[in-house]
Amino acid sequence: MTKTLVIITGPTAIGKTRIAIKTANFFQTEIVSADSRQIYRELSVGTAVPSTEELLAVKHHFIHSHSIHDNYNASRYETEALEVLETLFQKYKTVVMTGGSMLYIDAVCKGIDIMPDVDPELRKNLKTRLKAEGIESLRRQLKKLDPDYYATVDLKNPVRIVHALEICLMTGKPYSSFRTLPIKERPFSIIKIGLDCDRTELHRRINQRVDKMIESGLEEEAHRVFPFKHLNSLNTVGYREFFAHFNGEISKEKAVELIKRNTRRYARKQLTWFRNKPDMTWFQPNEEEQLIEFLDKKINKNE
RNA sequence: GGUGCCAUAGCUCAGUUGGUAGAGCAACGGACUGAAAAUCCGUGUGUCCCUGGUUCGAUUCCAGGUGGCACCA
């Protein structure tokens with residue numbers, strides 16, 4: 001029996017949750033979330049996790065499954081998601097994955113290179129050096145330790161430089177020697193569905209959803225995690241703007257405005273990533289019947 | 001009804017002594033391998049309100065029109 005992973009993705013606020021649930025219901029299966037922020041149990045309002053009713057309607061995985069204090073990343077997600085998928089495919093022929101975290105989805109579909117976990121002390125040191133000496137100093141060191149990567153990396157992007165140096169310093173080997181990205185075979189076939197709509201309409205949905213989040217108590221939720229604002233998991237749209245407000249840097253109105261803008265920008269970034277991916281089939285958010293019909297045909301043909 | 005002021009990018013506005021224009025914000029395009037809702041790079045997107053006139057040439061000057069604001073009635 002052919003196993004199929006149906007991936008439903010698209011920009012934030014497009015309506016992935018609702019359609020994923022309909023699809024999962026149709027195929028009588030469960031949902032694996034691919035959302036890098038909904039995994040944190042301390043966050044609900046600002047990450048737009050599915051409602052209690054939605055969670056009862058279909059069993060979800062990777063919702064509230066980890067803590068903001070965990071050092072989570074795409075590689076861990078790859079490992080854990082594949083484990084969950086293996087279990088699910090023993091029960092189901094089809095499994096639905098949904099979410100907007102592009103790198104997480106890619107990690108499940110294609111895999112990520114195996115590299116050592118980063119030593120937090122080393123990262124701290126390098127960040128301190130970055131601040132004190134500037135990026136040029138780190139660049140020079142990277143040029144020495146990994147000239148190949150230096151030649152291709154975005155030299156203005158400190159995150160890339162720092163991470164490459166981390167791996168070089170920890171392993172004594174060039175970072176590029178780990179970057180082989182062999183295509184990892186998966187024991188299931190993949191159908192990728194993208195959801196998109198008119199940009200103005202998407203912006204409308206985003207603004208509306210942010211207003212709803214405010215009504216539902218986003219400020220209180222952000223305040224609860226404010227003591228941990230330095231965590232990477234909280235470098236997140238909807239929280240960092242409120243942190244700035246709590247610090248007295250901006251008004252609440254300004255924070256809300258910035259949350260809307262940053263969410264719009266995030267959606268645009270997602271669309272940039274998804275665009276020119278030839279393996280995606282696109283639907284409008286209101287074309288759920290066509291979508292399910294398309295999947296049904298495709299999956300039954302595979303039998 | 002009269003007089004005055006204004007009309008330029010999605011918004012707020014600058015500017016061109018006449019040679020088709022630029023800031024901020026917003027927006028848009030792109031990159032992406034253990035931070036990915038992160039991080040980084042790039043881009044003015046324009047019937048200069050409309051119609052005539054003067055001029056080699058008008059967004060700019062003139063006239064009329066339309067719309068807005070203010071004051072007087």
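Fair warning: this is a prediction, and the values are worked out from it, not measured in the lab. Just so we're on the same page: letters track the sequence lines, and every chain starts at 1.
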Student: In whole Å, what is the span from the CZ atom of A:R265 to the C1' atom of B:A31?
Tutor: 17 Å

Student: Could you go over nucleotides 41-45 of chain B and give all protein N or O partners under 3.5 Å, atom names and distances?
Tutor:
none

Student: State whether A:T272 places a side-chain N or O below 4.0 Å from either non-bridging phosphate oxygen (OP1 or OP2) of B:G30.
Tutor: yes

Student: Need one value for A:H230: base, sugar-phosphate or nothing, where a base atom within 4.0 Å counts as base even if backbone is also close, heavy atoms only.
Tutor: nothing

Student: Please work out if A:T236 contacts a base, only the sugar-phosphate, or nothing of the nucleic acid, heavy-atom cut-off 4.0 Å.
Tutor: base

Student: Any idea which of B:A35, B:A27, B:A36 is nearest the A:W273 side chain?
Tutor: B:A36

Student: Quick one: is A:R37 getting a side-chain N or O under 4.0 Å of the B:A36 phosphate, OP1 or OP2?
Tutor: yes

Student: Cation-pi check, A:K229 to A:F226: give yes when NZ or CZ is under 6.0 Å from the six-membered ring centre and within 45° of the ring axis, no otherwise.
Tutor: yes

Student: Does A:N235 make a side-chain N or O approach to OP1 or OP2 of B:U39 shorter than 4.0 Å?
Tutor: yes

Student: Assign A:P116 to base, sugar-phosphate, or nothing according to its heavy-atom contacts below 4.0 angstrom with the strands shown.
Tutor: nothing

Student: Taking atom C1' in both B:C11 and B:G44, compute the distance separating them and give it to the nearest angstrom.
Tutor: 15 Å

Student: Under 4.0 Å, heavy atoms only, any strand: does A:Y77 hit a base, just the sugar-phosphate, or nothing?
Tutor: nothing

Student: Does A:R160 place a side-chain N or O at less than 4.0 Å from the phosphate oxygens OP1/OP2 of B:C40?
Tutor: no

